[in-house]
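Please read all numbers here as calculations on a predicted model, not as lab measurements.
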Amino acid sequence: PKCKKDRTATKTVKLARLPQVLVVHFKRFGGSGLSRKKLSTLVKFPTELSVSEWMVQDNDSSLHSGQYDLFAMVNHSGGLHGGHYIAHVKVRGRWYCCNDSSVSIVSGPPIDPSAYLLFYR
């Protein structure tokens, strides 16, 4: 309406189709103008993720259920002009840390401010 009055509104997003692999990217670099910096805000994320509440309800049982499990993540350490990436992957129920040519078994994905990319399936 063009009445120039505040109105109460509700914004809704519904997902019709979901990908087999869902990639979540955290914005880790920010700033304004010529000033840039690395953002190191701790983001807590689930290892099991449900997006079913944002899905369009449909009777087609072949559609994705909306349930995802974390199976990999990438962490970034360093700053704007240099850094290092480390991957953590889950293979047959066991987590591994992949750091250049070194691979080691770990208890799970690290929950720390260096999380950069999450991979769910």
Side-chain angles (χ1 to χ4, degrees):
K2 296 182 180 182
C3 59
K4 299 194 186 247
K5 293 183 180 178
D6 289 339
R7 300 281 182 207
T8 301
T10 302
K11 185 175 182 178
T12 303
V13 174
K14 292 289 182 179
L15 305 170
R17 291 183 296 158
L18 297 175
Q20 283 188 313
V21 174
L22 177 67
V23 180
V24 177
H25 174 251
F26 296 130
K27 180 180 176 182
R28 289 295 184 198
F29 302 97
S32 60
L34 296 175
S35 174
R36 297 274 182 236
K37 64 179 181 176
K38 180 170 180 193
L39 306 173
S40 58
T41 305
L42 176 63
V43 178
K44 294 182 180 179
F45 52 87
T47 56
E48 295 177 352
L49 176 67
S50 174
V51 297
S52 57
E53 68 182 275
W54 296 289
M55 292 175 61
V56 171
Q57 296 303 314
D58 196 327
N59 293 330
D60 185 352
S61 61
S62 67
L63 293 176
H64 194 289
S65 69
Q67 304 299 315
Y68 286 99
D69 291 313
L70 183 69
F71 74 95
M73 70 179 295
V74 176
N75 295 54
H76 178 266
S77 61
L80 289 176
H81 303 293
H84 184 68
Y85 293 92
I86 298 172
H88 289 79
V89 295
K90 186 177 180 182
V91 179
R92 294 184 200 99
R94 182 172 255 171
W95 281 94
Y96 295 87
C97 176
C98 305
N99 186 354
D100 291 335
S101 62
S102 170
V103 176
S104 58
I105 296 172
V106 293
S107 61
I111 309 294
D112 64 36
S114 68
Y116 188 60
L117 292 169
L118 304 177
F119 298 85
Y120 290 91
R121 68 171 157 221

Student: Check for me, please, whether Val24 and Trp95 land in the same ILVMFWY cluster - side-chain distances under 4.5 Å, paths through other members count.
Tutor: yes
Student: Within a 6.0 Å radius of atom NZ on Lys27, are there more than 12 heavy atoms belonging to other residues, nucleotides or ligands?
Tutor: no
Student: Quick one: closest heavy-atom pair of Ile86 and Cys97, and the distance?
Tutor: CG2-SG, 3.6 Å
Student: Measure centre to centre between the rings of Tyr116 and His25, then say whether the value is under 6.0 Å.
Tutor: yes
Student: When rounded to the nearest 0.5 angstrom, what distance separates CZ in Phe26 from CG in Leu39?
Tutor: 12.5 Å
Student: Taking Val106 as the starting point, is it possible to reach Val91 by hopping between hydrophobic residues whose side chains are less than 4.5 Å apart?
Tutor: no
Student: Quick check: closest heavy atoms across Cys98 and Val89, and the distance to 0.1 Å?
Tutor: SG-CG2, 4.1 Å
Student: Looking at Leu22, Leu49, Leu118, which one forms a side chain to side chain contact (heavy atoms under 4.5 Å, CB included) with Leu70?
Tutor: Leu118
Student: Kindly give the heavy-atom pair with the smallest separation between Ser50 and Gln67, and that separation in Å.
Tutor: OG-NE2, 2.9 Å
Student: What heavy-atom pair brings Glu53 and Lys14 nearest, and what distance separates the two atoms?
Tutor: O-NZ, 3.4 Å
Student: Give a yes or no on whether Phe71 and Tyr85 share a hydrophobic cluster (residues Ile, Leu, Val, Met, Phe, Trp, Tyr; joining criterion: side-chain heavy atoms under 4.5 Å apart).
Tutor: yes
Student: Please check this pair: side chain of Arg28 against backbone of Ala115, looking for a donor-acceptor N/O pair closer than 3.5 Å.
Tutor: yes
Student: Do other residues, nucleotides or ligands put more than 12 heavy atoms under 6.0 Å from the CZ atom of Arg36?
Tutor: yes
Student: Which pair of non-hydrogen atoms, one from Asn75 and one from Pro110, has the smallest distance, and what is that distance?
Tutor: ND2-CG, 3.7 Å
Student: Flag yes if Val103 and Met73 sit in one hydrophobic cluster, no otherwise; membership is Ile, Leu, Val, Met, Phe, Trp, Tyr, and two members link when side-chain heavy atoms are under 4.5 Å apart.
Tutor: no
Student: Would you name the heavy atoms of Pro113 and Leu42 that are closest together and state the gap between them?
Tutor: N-CD1, 3.9 Å
Student: Under 4.5 Å between side-chain heavy atoms, hopping through other hydrophobics if needed: is there a path connecting Val43 to Tyr68?
Tutor: yes
